[in-house]
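First up is the structure itself, then whatever we jot down about it.
Each residue takes its place number in the sequence, starting with 1. Fair warning: this is a prediction, and the values are worked out from it, not measured in the lab.
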Amino acid sequence: MKTIIIGILLGIAAGIIDVIPMIIKKLTWDANISAFLMWVIVGFFIATIDLNMNPILKGILIAFLVLVPSAVLIGWKEPKSLFPIFAMTLILGGLLGFLIPRLTNN
């Protein structure tokens, strides 16, 4: 249970980090809430899914897999906006993949 709580808390932190620039750019609240919740879910998944691979790569993989449905919708209307989204997903996914196992002793 400790692992799940830490995963969710770190997902909340990643969500806040991701949403701050979105709020500054005055994006819609549905986009902000969607991005925030994506990171909470990614934190949960990284904490609970057991993949026998490098934890940083695991974090990146899970983050991109969770992003795919939204990326299709976003890219359909605004393909250029996917570049910063992919960058944040790469950085925050890798960071969560690195931190969650270290803070939970897994």
When you group the ILVMFWY residues by side-chain heavy-atom contacts below 4.5 Å and let the links chain together, are [Y] and [X] in the same group?
X: V19; Y: L73; value: no
X: W29; Y: L37; value: yes
X: I12; Y: L92; value: yes
X: I16; Y: I24; value: yes
X: I100; Y: L61; value: yes

List the atom of [X], the atom of [Y], and the distance in Å for their closest heavy-atom pair.
X: P55; Y: P101; answer: CB-CG, 3.8 Å
X: K58; Y: I46; answer: NZ-O, 2.9 Å
X: M88; Y: I17; answer: CE-O, 4.0 Å
X: A31; Y: M22; answer: O-CE, 3.4 Å
X: L27; Y: N32; answer: O-ND2, 3.6 Å
X: A63; Y: G93; answer: CB-CA, 3.9 Å

To the nearest 0.5 Å, what is the distance between [atom1] ([X]) and [atom2] ([Y])?
X: K77; Y: I74; atom1: NZ; atom2: CD1; answer: 10.5 Å
X: L10; Y: I8; atom1: CG; atom2: CD1; answer: 10.5 Å
X: I56; Y: L99; atom1: CD1; atom2: CG; answer: 9.0 Å
X: D18; Y: F36; atom1: CG; atom2: CZ; answer: 10.5 Å
X: I91; Y: I60; atom1: CD1; atom2: CD1; answer: 9.5 Å
X: I6; Y: N105; atom1: CD1; atom2: CG; answer: 8.0 Å

For A13, what residues pass the side chain to side chain contact (heavy atoms under 4.5 Å, CB included) criterion, not counting sequence neighbours?
none

For residues 39-65, which residue pairs pass the ring pair (Phe, Tyr, Trp, His ring centres under 6.0 Å) check, not counting sequence neighbours?
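As it turns out, the ring pair (Phe, Tyr, Trp, His ring centres under 6.0 Å) pairs with a partner in residues 39-65, which skip direct neighbours, are F64-F86.
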
Check whether K2 reaches the backbone of T104 with its side chain - one donor and one acceptor, N or O, closer than 3.5 Å.
no

Evaluate side-chain contact (heavy atoms from CB on, under 4.5 Å) for I4 paired with T48, printing each intermediate quantity in order.
CA-CA 7 Å; I4 293 172; T48 57; 3.6 Å; yes

Check: F98 and N54 side chains under 4.5 Å, non-hydrogen atoms:
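No - every pair of side-chain heavy atoms lies 4.5 Å or more apart.
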
Of all residues at least two apart in sequence or in a different chain, which pass the side-chain hydrogen bond (donor to acceptor under 3.5 Å, both in side chains) check with D30?
T28

